[in-house]
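Beneath this line is the structure, given in structure tokens, with notes to follow.
Computed over heavy atoms, backbone and side chain alike; hydrogens, waters and symmetry mates excluded. Predicted, not measured: the structure shown is a model, and the values here were computed from it.
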Amino acid sequence: MNQNKASNAKGKILIVDDSEMNRAILSDMLSDEFDIVEVENGLEASAVLHNHEQEFSLVLLDIVMPVMDGFEFLAVMNEKGWIKSIPVVMISAETVPSYVDRAYDLGVLDYISRPFDERVVRRRVMSTIMLSSKQKELSYMVADQMLEKEKNSQLMVEILSNIVEFRNGESGLHVLHIRILTEMLLKRLLEKTDKYGISRSDISMICNASALHDIGKIAVPSEILNKPGRLTKEEFEIMKTHAAEGGDMLKSIPLRQDEPLIKVAYQICRWHHERYDGRGYPDGLKGEEIPIAAQVVALADVYDALTSKRVYKDAYSHEKAVSMILGGECGTFNPFLMECLNDVSDQLKEEFLSNSQDHSGEREIVTTVEQMLDKGDFGISGRTLKLLEQERTKYKFYADMSHEIQFEYTVTPEILILSEWGAQYLNMPETIYNPREDAFGTEVFNKEDFDKLLTRLRHTSPKNPNVEMDFVLTINGRNQWSKIQARSMWTDDEKAQYTGAIGKIVDIHKEREKMEQLTVMADHDPLTGLLNHRAAKRYISSVLDSDSEKKYILLFFDLDHFKQANDTYGHQFGDEVLRCVSDKIRQSTRGSDIAARMGGDEFLIFMGYRDSIEPQVRRIFDNITCDYREFPIRLSMGVANAKECNGDYETLFKMADQALYAVKRAGRNSYRIYDSLLPPLTEDEQ
């Protein structure tokens, strides 16, 4: 290999030709304007580019060479991706059309035939380099535009999701942490296996979607969402509805259901509380029935919950949290993901610390925009201001989606800004100047109450910014008890200054009605409308306690090979099958019977009987057994008689479960009535 020395400011050309004479002629023609590197064949050229790819402006390539010819070298350039960044001009005495066509097919930009004229070579070399340079500039511009678009998309998703976290009284770091850990787990998973078909671009999309995992919390009453202590069982059931609610919100977005981001975000919202062993909610999915995006976010969510401080617990250390997860103390997770968490554990601790220190939340973005617009401070670039204004617009959009009277109050100048929906509901302008004297502070509130609210906010602190007060407000001419939930805002200086507040007005009566409705909803499975297991157990136990005769049977069954419905036709089809089964159950039972979906594809029926049990069981078994479109609905059913359980629900259920597994061992698609001779459940079956 021969390299002529020249100024580093010049471009560099690689000449690949086995003829020393040809290399010398080309070098003489071009060395005044370029640094020249000469090699004798494609193999040597491959070695040069492998170590110095970024240095070259052009390759001049012969076709016929020993060791590795021009076409073979072009194949290597394509395989390595060098052809995308380094233009190639073929210089050869071979002018057969098939040779020329093949060269262009392999990415050559120009083809010069020997013998060649010096002026032609110089001009075409310069033209090719200029064309390539322009293409690179264009690609960089497109890349920058795509990057800005991606940043905007990420900002939009984060600002919307952080508003939910703000309503929940949590740190905006939660969304950031979920994104960081999701990205780290996915990258490690991609290194370990190709089982899930995840690409690099998928990782970015899943990370964006992860920020929306808890948007369903917007539907959870504030009393439960911000309760300063552990939730009761009933309250927890209401809290659990946020997963299905979030999925429903995304499903209701018009004209966007086929967008990949929406599909992934739906999976994450609905199923990020499912567990690998089927003990999660809302649908009791098991193992790989749970989409991998939801599995990853579920693990990230648990880790951040453990390492974050809550009103009912202190934060665990990183080491303790990882130990608890790997030890199975927080539920069952995909073994691959557990390995990934263990692999990235050390890196994760450092990553969270650095990102937590640099993070700024969505409220800072909105406040910055407000201050710049109010003061006319346009010292930053117009582009940055435009992005910030865009974020404010997105924040307002999400506030309006919630159908709540939300407000922002600033001290200097004293302005109150209502959400668009709130302004329309109150029949007031969105921006209210001097709100103490305006109708908002004198008619919606009475003046004394509004002053009390502002005084209370002014006497908060950055560490304790939340305020909650009840007032009788006048809303559209009607007096109603209302709750004000607000959070004071402070500067980020060493001596923090109070700048205002954000908050909302809650109709206490409507909130209580909503809680009552959600309590009813908490007893029912959102997919099928049947009772859930918790409610069914409560009702059945009540019947067993109150009826001395106990002439009841419990039918417990699941669907044979249901996983095939999801794997073959998709989860939406699987949901349709479950709804079909629930309709068959309703057709087969009476109003006094208790029917429930246990989770996943498991159901139970509790019903009375008069004389004989088997005809009744056979009728229900035959009614539910059917074909739904392409999928055969077949059952494995266990039956237990309440007279044999001493009035204890757990014993009754265990008997039915034992009979069910006897059916499975015998080949499925049948039913079995419990008797004392049945073998007990194995450890795996339990």
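Considering only heavy atoms from C-beta on, Leu635 stays 4.5 Å or farther from Asp560 through its side chain. Residues Glu576 and Tyr569 form no side-chain contact, since every pair of their non-hydrogen atoms from C-beta on lies 4.5 Å or further apart. Counting heavy atoms from C-beta on, the side chains of Leu527 and Arg270 come closer than 4.5 Å. Between Phe333 and Arg275 there is a side-chain heavy-atom pair separated by less than 4.5 Å. Looking at heavy atoms from C-beta onward, Ile268 lies out of side-chain contact with Leu212 at the 4.5 angstrom threshold. Taking 4.5 Å as the limit, every side-chain heavy atom of Thr307 sits out of range of all side-chain heavy atoms of His177. Put simply, the side chain of Leu604 reaches to within 4.5 Å of the side chain of Ile540, judged on heavy atoms. Looking at heavy atoms from C-beta onward, Met607 lies in side-chain contact with Arg590 at the 4.5 angstrom threshold.
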- request: Evaluate the side chain to side chain contact (heavy atoms under 4.5 Å, CB included) criterion for residues Leu186 and Ile206: first the C-alpha distance (whole Å), next the side-chain angles of each, then the deciding distance (0.1 Å), finally the verdict.
  value: CA-CA 9 Å; Leu186 285 171; Ile206 293 171; 3.6 Å; yes
Exercise. Under the side chain to side chain contact (heavy atoms under 4.5 Å, CB included) criterion, do Phe606 and Leu531 qualify, and how do the steps go?
Worked result: CA-CA 12 Å; Phe606 180 80; Leu531 291 173; over 6 Å; no
Assess the residue pair Asn641 and Tyr609 against the criterion (side chain to side chain contact (heavy atoms under 4.5 Å, CB included)); give the C-alpha distance rounded to whole Å, side-chain angles, the decisive distance to 0.1 Å, and a yes or no. CA-CA 10 Å; Asn641 192 333; Tyr609 68 90; 3.1 Å; yes
Practice task
Please test Arg179 against Asn208 for side chain to side chain contact (heavy atoms under 4.5 Å, CB included), starting from the C-alpha separation and ending with a verdict.
Solution key: CA-CA 7 Å; Arg179 182 186 185 93; Asn208 272 348; 3.0 Å; yes
**OP:** Determine, step by step, whether Asn566 and Glu289 satisfy the side-chain hydrogen bond (donor to acceptor under 3.5 Å, both in side chains) criterion, reporting the C-alpha distance in whole Å, the side-chain angles of both residues, the deciding distance to 0.1 Å, and the verdict.
**Re:** CA-CA 7 Å; Asn566 287 328; Glu289 293 177 357; 4.5 Å; no
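Panel note: side chain Glu235, backbone Thr232; a donor-acceptor pair is recorded below 3.5 Å. Checked by atom type and distance alone, the side chain of Glu274 pairs as donor or acceptor with a backbone atom of Leu285 at under 3.5 Å. Judged by distance alone, with hydrogens and angles left aside, the side-chain atoms of Gln295 form a donor-acceptor pair with the main-chain N or O of Ile290 at under 3.5 Å. Listed for the Ser542 side chain is no donor-acceptor partner under 3.5 Å among the backbone atoms of Arg538. Arg597 contributes no side-chain N or O that, together with a main-chain N or O of Pro526, makes up a donor-acceptor pair within less than 3.5 Å. Thr568 contributes no side-chain N or O that, together with a main-chain N or O of Ala565, makes up a donor-acceptor pair within less than 3.5 Å. Here the side chain of His318 pairs a donor or acceptor atom with the backbone of Ser345 at under 3.5 angstrom.
Between Phe556 and Phe653, the ring planes lie tilted relative to each other; the angle falls in the 30° to 60° range.
The aromatic ring centres of His213 and His273 sit 6.0 Å or more apart.
Under 3.5 Å, the side chains of Asp283 and Trp271 contain a donor-acceptor pair of N or O atoms. For Asp547 and Tyr552, the side-chain atoms include at least one donor-acceptor pair closer than 3.5 Å.
Once rounded to the nearest 0.5 Å, the distance linking NZ of Lys483 with NZ of Lys504 reads 10.5 Å.
Counting non-hydrogen atoms of neighbouring residues, nucleotides and ligands closer than 6.0 angstrom, the CD atom of Glu329 exceeds 12 such neighbours. Sparse packing is recorded around NZ of Lys187, with 12 or fewer heavy atoms of other residues, nucleotides or ligands lying under 6.0 Å away.
Using a 4.0 Å cut-off between charged nitrogen and carboxylate oxygen, Lys654 and Glu650 do not count as a salt-bridge pair. Ion pairing between Asp545 and Lys550 fails under the 4.0 Å rule for side-chain N and carboxylate O. Of the charged side-chain nitrogens involved, at least one lies within less than 4.0 Å of a carboxylate oxygen, so that Glu191 and Arg188 count as a salt-bridged pair.
Among Tyr628, Phe557, Phe562, the single residue meeting the side-chain contact (heavy atoms from CB on, under 4.5 Å) criterion with Val581 is Phe557.
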